[in-house]
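Quick notes on the structure that follows.
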Amino acid sequence: MKKRIIVSGCLVASIACSSAIAKVYEIVWPAHEVKPAREVIHIPEPVAGAMEQQGQSQSKTIIIGIVPDRMQFDKELITVKAGQKVTLELENPDGMQHNLVIVKPGTLDKVGAAADAMARDPKGAQQHYVPKMPEVLFATKLLNPEEVVTLTFTAPAQPGDYPFVCTFPGHWRMMKGIMKVVK
Ligand SMILES: [Cu+2]
């Protein structure tokens, strides 16, 4: 369905214009040939539903820093909407390596234990100390001091409290917070 707008030119203006031309060229412009200008513009009708949806899925940018020498993220709670596109920027001004891993609700201890076990795994560092298990949803790489990384993901559809944690062995008991997913 399209809206149709008809723009009609002013007949008086057209006559004024043609009489001006007639003066310059000394010709007579026959009155019956003066027709109003006519233009048809098609404007697509805005779909209200689509606009609402756009508002809901609007992406969110979150910046999380690491507090130097404190073994802590600078935020303990972040909130996102279910299904929302999230851009999470992690900044590491600390003197050691860290990462940020988002896990399923209620699985922090399990993932933390698996992360600690990776300290004995020769390939642990290579895998950025991110345990390979279904409880892990999203993870950054291991950041060196002064490094910044961006993690983009779609927030879970299921509302709940999703822990975020650093899985560098030994860090998870201190470096943690909650990503609250709301409707
Ligand atoms: Cu850490």
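Being a predicted model, the structure only gives us computed values, none of them experimental. As the structure lists them, so they are numbered: ligands from 1, and atoms in each ligand from 1.
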**Item:** Pairwise ring pair (Phe, Tyr, Trp, His ring centres under 6.0 Å) hits with a residue in residues 84-117, at least two apart
**Value:** H98-H171
**Request:** Could you tell me whether the side chain of M179 reaches within less than 4.5 Å of the side chain of P156, counting heavy atoms only?
**Result:** yes
**Distance-only donor-acceptor check, side chains D109 and W172, under 3.5 Å** = no
**N-O pairing of E76 and K176 below 4.0 Å** = no
**Item:** Criterion side chain to side chain contact (heavy atoms under 4.5 Å, CB included) on F164 and V101, from CA distance to verdict
**Value:** CA-CA 5 Å; F164 64 86; V101 178; over 6 Å; no
**Request:** Determine how many protein N/O/S atoms sit closer than 2.8 Å to the Cu ion (ligand 1), leaving waters out since they are not shown.
**Result:** 4
**Asked** Between the side chains of Q97 and N144, is a donor N or O closer than 3.5 angstrom to an acceptor N or O?
**Response** yes
